Amino acid sequence: MAAPVGATSMTWHEELATLVGDTGIRYSTGDPIDNNHHQDGQLHGVKTDGYFGYEEEKGGAQEPWLDQIKGFAESTAEMMRELGRGCWDIARQSVQGAEESEFVKKMRGPLSEAAEKLSFLNEYLPEDKEPAQAWPVVISVFLIALLVLNIGSSSNEAPTVVEAPRKMYIAPPSATRIQLPDGRHLAYLQQGVPPELARFNMIMPHSFLSSRLAGIPGMSLTLLEEFGVQLVTYDLPGFGESDPHPERNLNTSALDMLHLANSLGISEKFWVVGYSGGAIHAWAAARYIPDNLAGVAMFAPMVNPYDLSMNKEERRKTWEKWSAGRKFMYTLARKFPSLLSFYYRKSFLSGTQGQLEKWLSVSLLKKDKLLLEEPVFMEFWEKDVAESVRQGDAKPFIEESVIQVSDWGFTLSEIQVQKQKDRRGFLSLLKSLFSPAEKEWTGFLGPIHVWQGMDDTVVPPSMTDFVRRVVPGATVHTLHGEGHFSYFCFCDKCHRQIFSTLFGIPQGPLTIQQEIAETTAELTEETAIPEEMTTEVTAIDNSTEQE
């Protein structure tokens, strides 16, 4: 409202005073602050000791920053203390005054029951302390200590740089393929000497989350030539560039291996190599096509963890070595295999690169960890995994997981079985009991070599102990200090030891002359006339002459 004409206008201090009354604030100079002093467009107030005083333009004494901070901290602490007391009083009054509250009625019973069950903890308090007052203090101190430790540990750690996930690169198709009798195509890779010059042929199915590109990682081509070895690896159905199989099992896996050998012209017996999860297909070959095998070489071989032939101790030692995540994955494969699709699509089928330990749900020990940090291994791993998931379908991986933990159609104890002789009479029975040399075995009777790292957490040593017990002809090589990857991958010395154990002294590839000589000898043996037939022909000739 406008002031009356002729009335003296009031300053803003006087107007404020008429609104709030006497506040009791007095200025140290005794004079009110006015705004009548202006120089160069700036306001200069009179120095006072009160809250509403202005500083002098120059030379005015300021309150030290330390005192200001101290005062601010004290004021804040006082405010927080009063706020806490107020909140506590409000909460206590609300609860005490809400005897008829529905919430209080419902919670009184469960809270009393919980307090009764936890009452034994009061025995750990000092005798002179009231639990209702002591426990809030204990819990508060615990939470504060936990917060301090967390902040301290975070501050001591160097900041980690989180890299964005790298997209998985899948190379254009380049595999050589054969067509199987059922119309499917099988992709394979040949390494080493040419088939016609090979002294030894090795066929190797790959492990889980792998492909034909893996083979024996880091194997030197020079070493293959030195021992005259042809190494053939192939993609399992649905992996890499191999067509999926609508109803595959371990029997069809062994037949695929045999068809591959025949298509490549491998007429003689071949060695089968099984590493980790790929060993289940090598076991199948020893069971279903034993007459076509020259030998079996196993490295940390996987067996069925649910095999009924395993005793309690072997089963316990196997499961206790696995991480909780790996146990969970085996349980899903055994009970709820359809749920594996979700996990696989979030990990190695996501289209981005990831960590081996995370994707395989394993926790590796020192030597394996050091190998995984090597650039050469990481380059191999990323390339191999990318080829494995080329088709982007979770079904082959689910099938492989289910095969590992389901009924194989045979047990390892059936690979070498003692033949029961038809013995008659009491003396014959006693002779069979006390003459082990006369025991006869059926199944695969060729050499079986098993290499097992004692620090392996993927395929525990207890699995190889089981193999040693149920496959009497197996020769087990224990590797102290070695893990799941450290002996088999990128180790020239290890690879040479393996070949020396399997093939003896290196003799190089066959020469053309040796090949011709061996072929001639085989043809001679096949076309040679038996001695009995020769005698008959001679007798006929003699009788003809006499006539």
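Quick caveat, the model's predicted, so the values are computed rather than measured.
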For residues 465-474, run the donor-acceptor check on the side chains, cut-off 3.5 Å, and write out each pair with its distance to 0.1 Å, sequence neighbours left out.
unit_1, atom_1, unit_2, atom_2, d
Arg469, NE, Glu314, OE2, 2.9
Arg469, NH2, Ser309, O, 2.7
Arg469, NH2, Glu314, OE1, 3.0

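The shortest non-hydrogen separation linking Pro205 to His281 is CG-CB, 3.7 Å. Residue Leu236 comes nearest to Ser242 through the heavy atom pair O-CB, 3.5 Å, listed as atom of the first residue, atom of the second, then distance. Scanning all heavy atoms of the two residues, the minimum distance from Leu340 to Ser401 falls at CD1-CB, 4.0 Å. The two residues Ile216 and His495 come nearest to each other via the heavy atoms CG2-NE2, 3.5 Å. Pairing each heavy atom of Ile203 with each of Ala261, the nearest pair is CD1-CB, 3.7 Å. The minimum heavy-atom distance between Gln353 and Tyr169, with the atom names listed, is NE2-N, 4.3 Å.
Under a cut-off of 6.0 angstrom, the local environment of NZ in Lys366 is sparse, with at most 12 non-hydrogen atoms contributed by other residues, nucleotides or ligands.
Judged purely by atom type and a 3.5 angstrom limit, Arg390 uses its side chain to pair as donor or acceptor with the backbone of Ala171. Remark: the backbone N or O of Gly278 is not paired with any side-chain donor or acceptor of Ser276 at under 3.5 angstrom. Using a distance-only test at 3.5 Å, with no hydrogens or angles considered, a donor-acceptor pair links the side chain of Thr442 to the main chain of Val417. With hydrogens and angles disregarded, no donor-acceptor distance shorter than 3.5 Å links the side chain of Ser341 to the backbone of Ser338. With hydrogens and angles disregarded, no donor-acceptor distance shorter than 3.5 Å links the side chain of Asp235 to the backbone of Tyr188.
A heavy-atom distance below 4.5 Å is found between the side chains of Arg166 and Glu382. Side chains of Pro237 and Asp243 form no contact here, defined as non-hydrogen atoms less than 4.5 Å apart. Taking 4.5 Å as the limit, every side-chain heavy atom of Arg316 sits out of range of all side-chain heavy atoms of Met310. In this structure the side chain of Val232 reaches within 4.5 angstrom of the side chain of Leu260, judged on heavy atoms. Within the 4.5 Å cutoff, no side-chain heavy atoms of His477 are placed close to those of Gln452. For the pair Leu364/Glu357, a side-chain contact is recorded, criterion being any heavy-atom separation below 4.5 Å from C-beta on. In this structure, Val272 and Met202 have side chains that are not in contact, with every pair of non-hydrogen atoms separated by 4.5 Å or more. At least one side-chain heavy atom of Ile448 sits less than 4.5 Å from a side-chain heavy atom of Gln416.
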As a quick check of understanding, evaluate salt bridge (charged side-chain N to carboxylate O under 4.0 Å, His left out) for Lys327 and Glu320, giving each step before the final call.
CA-CA 9 Å; Lys327 293 176 184 177; Glu320 72 181 5; over 6 Å; no
Check the pair Glu313 / Lys317 against salt bridge (charged side-chain N to carboxylate O under 4.0 Å, His left out), numbers first and verdict last.
CA-CA 6 Å; Glu313 185 68 10; Lys317 287 183 177 180; 3.8 Å; yes
Stepwise salt bridge (charged side-chain N to carboxylate O under 4.0 Å, His left out) check, Glu414 with Arg287
CA-CA 7 Å; Glu414 297 176 22; Arg287 175 65 179 86; 3.5 Å; yes
For Tyr330 and Trp322, run ring-ring contact (aromatic ring centres under 6.0 Å, His included): C-alpha distance rounded to whole Å, both residues' side-chain angles, the deciding distance at 0.1 Å, then the answer.
CA-CA 10 Å; Tyr330 282 136; Trp322 284 331; 4.7 Å; yes
Where do Thr457 and His484 land on the side chain to side chain donor-acceptor pair (under 3.5 Å) test, with the steps shown first?
CA-CA 7 Å; Thr457 57; His484 189 71; over 6 Å; no
Evaluate Lys395 against Asp393 for salt bridge (charged side-chain N to carboxylate O under 4.0 Å, His left out), listing each step before the verdict.
CA-CA 6 Å; Lys395 185 178 179 181; Asp393 188 4; over 6 Å; no
Before you tell me yes or no, could you show the steps for Leu293 and Lys269 under side-chain contact (heavy atoms from CB on, under 4.5 Å), namely the whole-Å CA-CA distance, both residues' side-chain angles and the distance that decides it to 0.1 Å?
CA-CA 5 Å; Leu293 302 186; Lys269 294 182 178 182; 5.9 Å; no
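With no hydrogens or angles considered, no side-chain donor-acceptor pair links His449 and Thr475 at under 3.5 Å. A donor and an acceptor atom, one from each side chain of Asp307 and Thr411, are nowhere located under 3.5 Å apart. In this structure, a donor-acceptor pair under 3.5 Å is present between the side chains of Thr318 and Ser462. Under 3.5 Å, the side chains of Gln191 and Gln230 contain no donor-acceptor pair of N or O atoms.
Among pairs with a residue in residues 226-248, those fulfilling ring-ring contact (aromatic ring centres under 6.0 Å, His included) read His206-Phe239, Phe227-Phe499, Phe239-Phe397, at least two apart in sequence or across chains.
With values rounded to the nearest 0.5 angstrom, Glu374 atom CD is found 12.5 Å from Glu379 atom CD. Atom NZ of residue Lys369 and atom CG of residue Leu372 lie 8.0 Å apart, to the nearest 0.5 angstrom. Annotation: the span from Ile505 atom CD1 to Gln507 atom CD amounts to 7.5 Å, rounded to 0.5 Å.
Relative to the six-membered ring of Tyr306, Arg334 meets both conditions, a distance below 6.0 Å and an angle of at most 45° to the axis.
Here Phe503 and Trp271 bring their ring centres to under 6.0 angstrom of each other. Here the two rings, on Phe380 and Phe490, have centers that are under 6.0 Å apart.
When each of Trp451, Phe377, Phe299 is paired with Phe488, the ring-ring contact (aromatic ring centres under 6.0 Å, His included) condition holds for Phe299 and for no other. The side chain to side chain contact (heavy atoms under 4.5 Å, CB included) test with Thr464 singles out one residue from Val459, Val450, Thr478, Asp456, and that residue is Val450.
The pair Glu387-Lys383 fails the salt-bridge criterion, with no side-chain N (NZ, NE, NH1 or NH2) lying under 4.0 Å from an Asp/Glu carboxylate O. Salt bridge present: Arg248 and Glu399 bring a charged side-chain N and a carboxylate O closer than 4.0 Å.
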